[in-house]
Amino acid sequence: MDDAQLLRYSRHILLSELGVDAQQRFGESHALIVGVGGLGNPAAQFLAAAGVGTLSLVDADRVDLTNLQRQILFDTAAVGRFKVDAARARIGAVNPEVKVLTVPARVGPGELAPLVAAADVVIDCSDNFATRHAVNRACVSARKPLVSGAAIRFDGQIAVFDLRNPANSCYHCLFGEGDEFEETRCATMGVFAPLVGIVGAMQAAEALKLLAPAGRSLAGRLLLVDALTMEWREVKVLKDPACPVCATGGH
Ligand SMILES: [Zn+2]
């Protein structure tokens, strides 16, 4: 790192748990962010400010006026632009050293596989179960750590699924696939603005810890927050030995 970089990242370098080595690794790392909405905005912003070298941003949507209540990378002039383009412009202003790759499209399993393979950590900030399960499958298959987040109304949740250790659970172990899960959408249910910041920032924190590596990740735990009472709960997440996605078989 040059002098300007040592200065820019000095508050991380001061942390003995990170230091120059972890900061160097951030710069050499590639994070994939699926969904650049309420969660993806703060996640991308913190990863960019913290100097993660390459960010891949995936989102098919354009900025809508209703997004501005909580999606803090976007300003009024961005309404109508692709979210990935507006986010790239804002990130470039915050930290020009970050390389931002954009995918302004909905992605299925075929598109996700190479995107996940190229990443060191995957952050799921999407808003639908089909994408969440497709991202999980790609992460399990490529053995890439997945930082998952969700927020609706006043309810938020964060979890890490890290199949680099095959004893860990995947997203499917926790949330099976099927019609019994009714899709709940911000457009009809509403969402409390700072909640997406809380959850998205925590996803960035888990991603940076995985990249460093530092501390203990949320793997094996699901954190739930009710922002109305600001009560947090932690639920142990067990691996499903019969999980069709991550079970290793041989039994
Ligand atoms: Zn599983």
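Both ligands and their constituent atoms are indexed starting at 1 by order of listing.
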Mutual orientation of the aromatic rings belonging to His133 and Tyr171 [parallel < 30°, tilted 30-60°, perpendicular > 60°]: perpendicular
Step-by-step side chain to side chain contact (heavy atoms under 4.5 Å, CB included) determination, Val160 to Leu146: CA-CA 6 Å; Val160 169; Leu146 168 60; over 6 Å; no
Near the Zn ion (ligand 1) (under 2.8 Å) - protein N, O or S atoms: Cys170 SG, Cys173 SG, Cys243 SG, Cys246 SG
side-chain contact (heavy atoms from CB on, under 4.5 Å) partners of Glu111, counting only residues at least two apart: Val107
For Ala89, side-chain contact (heavy atoms from CB on, under 4.5 Å) partners two or more places apart: Arg81
Donor-acceptor contact present, side-chain Gln71 to main-chain Asn41, <3.5 Å: no
Side chain to side chain donor-acceptor pair (under 3.5 Å) contacts touching residues 52-62 (sequence neighbours left out): His30-Ser56
